[in-house]
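Values reported hereafter were calculated over all heavy atoms of this structure, with side chains retained and with hydrogens, waters and symmetry mates removed. This chain uses plain numbering: 1 for the first residue, then up along the sequence.
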Amino acid sequence: MTTTLVRIERHGDHVAELVLDRADALNAVSTQMARDLAAATATLAADDTVRCVVVTSASDKAFCVGADLKERNSFTDADLVAQRPVARAAYGGVLDLPVPVVAAVEGYALGGGLEIALSCDVIVCGEDAVVGLPEVSVGVIPGGGGTQLLTRRVGWSRAARLIFSAARLPAREAEQVGVVDEVVPAGSARDRALEWAATVSAHSPVGLRNAKKAMRLGHDVSLAAGLEIEDACWRATAFSGDRAEGVRAFAEKRAPRWPGR
């Protein structure tokens with residue numbers, strides 16, 4: 001699938017690369033780009049052959065610099081209200097992908113750009129990357145999940161410090177406080193993310209999807225409720241063809257051939 005501002009590339013049978021492709025604007029999220037991101041993530045979510053997604057940028061200067069403020073400057077209040085569900089569908093499309101997702105960040109990931117990365121399960125950064133949620137400095141707040149996702153990642157006080165100060169963090173500092181997961185040499189984040197995705201995609205597609213489902217649904221509930229969620233996801237996996245094939249392949253000392261159901 002190819003859209004104007006977001007495209008999908010396949011790597012082998014089971015890894016999909018979601019490329020933010022508005023390099024001339026450093027991937028600033030316009031209304032059209034938001035629509036394209038929502039459409040691309042819907043396509044990936046419906047594709048049972050996808051086991052892992054890597055989110056990258058066509059620009060080596062920025063992963064994404066956030067909302068398109070030049071477009072926003074022309075908006076009336078009614079325009080902003082009309083755009084809101086479009087924007088939410090874009091960020092929510094990344095967050096709701098049912099398979100593991102890794103962001104490969106080079107350059108700037110600011111505002112909505114960092115929120116796209118935070119919507120992924122793992123964030124790999126080139127060492128020259130800079131990340132931050134500077135929305136309060138332009139009179140808004142993070143609205144693509146940032147107030148919720150960053151707080152869940154790093155805890156209340158660290159998230160408060162970053163969001164209230166509109167701070168921009170270099171990659172190594174972002175790693176130290178837990179905003180990103182791994183820092184690699186500049187220019188190699190995509191390669192590292194694709195390497196990780198290749199490892200992940202060798203595993204059971206049923207297991208991957210149900211493990212992510214259990215983690216997401218159980219994250220903000222009591223331990224007792226979380227264990228019930230885990231049990232339901234375990235049952236959905238344990239009585240699948242993937243479980244039978246996994247045990248058989250282990251016993252026969254060979255790579256599994258996952259049926260994916």
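- Side-chain atoms of Ser201 come within 3.5 Å of backbone atoms of Ala198 as a donor-acceptor pair (strictly under, hydrogens ignored).
- Closest approach of Ala171 and Gly126 over heavy atoms only: CB-O, 3.4 Å.
- Side-chain atoms of Val130 and Leu169, non-hydrogen and from C-beta on, never get closer than 4.5 Å to each other.
- Leu118 contributes atom CG, which lies 11.0 Å from atom OH of Tyr91 (distance to the nearest 0.5 angstrom).
- For residues 102-120, there are no side-chain hydrogen bond (donor to acceptor under 3.5 Å, both in side chains) pairs, not counting sequence neighbours.
- Looking at residues two or more places apart in sequence or on another chain, you find no salt bridge (charged side-chain N to carboxylate O under 4.0 Å, His left out) involving Glu71.
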field: Test side-chain contact (heavy atoms from CB on, under 4.5 Å) applied to Cys120 and Val102, step by step
entry: CA-CA 6 Å; Cys120 300; Val102 55; 5.9 Å; no
task: List the steps and the verdict of side-chain contact (heavy atoms from CB on, under 4.5 Å) for Asp13 and Thr49.
output: CA-CA 7 Å; Asp13 295 329; Thr49 68; over 6 Å; no
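- Residue Val177 is grouped with residue Ile123 when hydrophobic side chains (ILVMFWY) are merged at heavy-atom distances under 4.5 angstrom, including chains of intermediate members.
- Smallest separation of non-hydrogen atoms from Ala40 and Leu18: CB-CD1, 3.5 Å.
- Looking at Asp47 and Arg10, their side chains come closer than 4.5 Å, going by heavy atoms from C-beta outward.
- By the side chain to side chain contact (heavy atoms under 4.5 Å, CB included) test, Ser165 is found to be paired with Ala167, residues two or more places apart in sequence or in another chain being considered.
- Hydrophobic clustering, with ILVMFWY side chains joined whenever heavy atoms are under 4.5 angstrom apart, groups Val55 together with Ile8.
- Sorted by first then second residue, the salt bridge (Lys or Arg N to Asp or Glu O under 4.0 Å) pairs that include residues 81-96, not counting sequence neighbours, number zero.
- In terms of the side chain to side chain donor-acceptor pair (under 3.5 Å) criterion, residue partners of Lys212 (sequence neighbours excluded) are, by chain and number, Asp121.
- Other residues, nucleotides and ligands place more than 12 heavy atoms under 6.0 Å from the CZ atom of Arg153.
- Checked by atom type and distance alone, the side chain of Trp196 never pairs as donor or acceptor with a backbone atom of Asp191 at under 3.5 Å.
- Taking Arg22 as the reference, Asp68 meet the salt bridge (charged side-chain N to carboxylate O under 4.0 Å, His left out) condition, with sequence neighbours excluded.
- Linking ILVMFWY side-chain heavy atoms closer than 4.5 Å, directly or via other members, places Val124 and Val154 in two distinct hydrophobic clusters.
- Around the CG atom of Asp220, the shell of radius 6.0 Å holds more than 12 heavy atoms that belong to other residues, nucleotides or ligands.
- Side-chain atoms of Phe164 and Val136, non-hydrogen and from C-beta on, never get closer than 4.5 Å to each other.
- No donor-acceptor pair closer than 3.5 Å links the side chain of Arg35 to the backbone N or O of Ala87.
- A distance-only check finds no donor-acceptor pair linking the side chain of Arg216 to the backbone of His219 [under 3.5 Å].
- Sorted by first and then second residue, the side-chain hydrogen bond (donor to acceptor under 3.5 Å, both in side chains) pairs with a member in residues 50-59 read His14-Arg51, Glu17-Thr56, Asn27-Ser57; sequence neighbours excluded.
- Tracing side-chain contacts under 4.5 Å through hydrophobic residues (I, L, V, M, F, W, Y), one reaches Leu95 starting from Val29; they form part of the same cluster.
- When all heavy atoms are compared, the tightest approach of Ser240 to Ala236 is CB-O, 3.9 Å.
- The closest side-chain heavy-atom distance from Pro256 to Phe250 is not below 4.5 Å.
- Looking at Met33 and Asp21, their side chains never come closer than 4.5 Å, going by heavy atoms from C-beta outward.
- Residue Asn210 holds its CG atom at 11.5 Å from CD of Glu230, rounded to the nearest 0.5 Å.
- Residue pairs that meet the salt bridge (Lys or Arg N to Asp or Glu O under 4.0 Å) test with at least one member in residues 248-261, sequence neighbours left out, are Glu245-Arg248, Glu245-Arg254, Glu252-Arg254.
- Applying the side chain to side chain donor-acceptor pair (under 3.5 Å) test to Asp231 and every residue at least two apart in sequence or in another chain returns Arg235.
- Taking each heavy atom of Ala197 and Val54 in turn, the nearest pair found is CB-CG2, 3.6 Å.
- Judged as a salt bridge (Lys or Arg N to Asp or Glu O under 4.0 Å), not a single pair has a partner in residues 199-209 (not counting sequence neighbours).
- Val53 and Trp258 fall into different hydrophobic clusters, defined by Ile, Leu, Val, Met, Phe, Trp and Tyr side-chain heavy atoms under 4.5 Å apart, directly or through other members.
- Atoms CG and OG, on Asp36 and Ser30 in that order, are 7.5 Å from each other to the nearest 0.5 Å.
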- request: Output, in order, the C-alpha distance, side-chain angles, deciding distance and verdict of side-chain contact (heavy atoms from CB on, under 4.5 Å) for Val131 and Phe63.
  value: CA-CA 10 Å; Val131 305; Phe63 178 74; over 6 Å; no
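- Side-chain atoms of Asp79 come within 3.5 Å of backbone atoms of Thr76 as a donor-acceptor pair (strictly under, hydrogens ignored).
- Asp181 places none of its side-chain heavy atoms less than 4.5 Å from the side chain of Glu175.
- For the residue pair Leu97 and Ala45, the shortest heavy atom distance occurs at CD2-N, 3.9 Å.
- Atoms CG and NE2, from Asp242 and His203 in turn, are 12.5 Å apart once rounded to the nearest 0.5 Å.
- Considering only heavy atoms from C-beta on, Leu150 comes within 4.5 Å of Val179 through its side chain.
- Counting only heavy atoms from C-beta outward, the side chains of Leu26 and Lys61 approach each other to under 4.5 Å.
- A search for side chain to side chain donor-acceptor pair (under 3.5 Å) contacts involving Arg161 returns nothing, not counting sequence neighbours.
- Nearest heavy atom pair, residue Leu133 against residue Gly111, reads CD2-O, 3.4 Å.
- In this structure, CZ in Arg190 is found 5.0 Å from CG in Leu194, a value given to the nearest 0.5 Å.
- With Arg152 contributing its side chain and Gln148 its backbone, the two residues share a donor-acceptor pair below 3.5 Å.
- A distance of 12.0 Å separates CD1 of Ile116 from CG of Leu149, quoted to the nearest 0.5 Å.
- With sequence neighbours excluded, the residues forming a salt bridge (charged side-chain N to carboxylate O under 4.0 Å, His left out) with Glu195 are Arg192, listed by chain and number.
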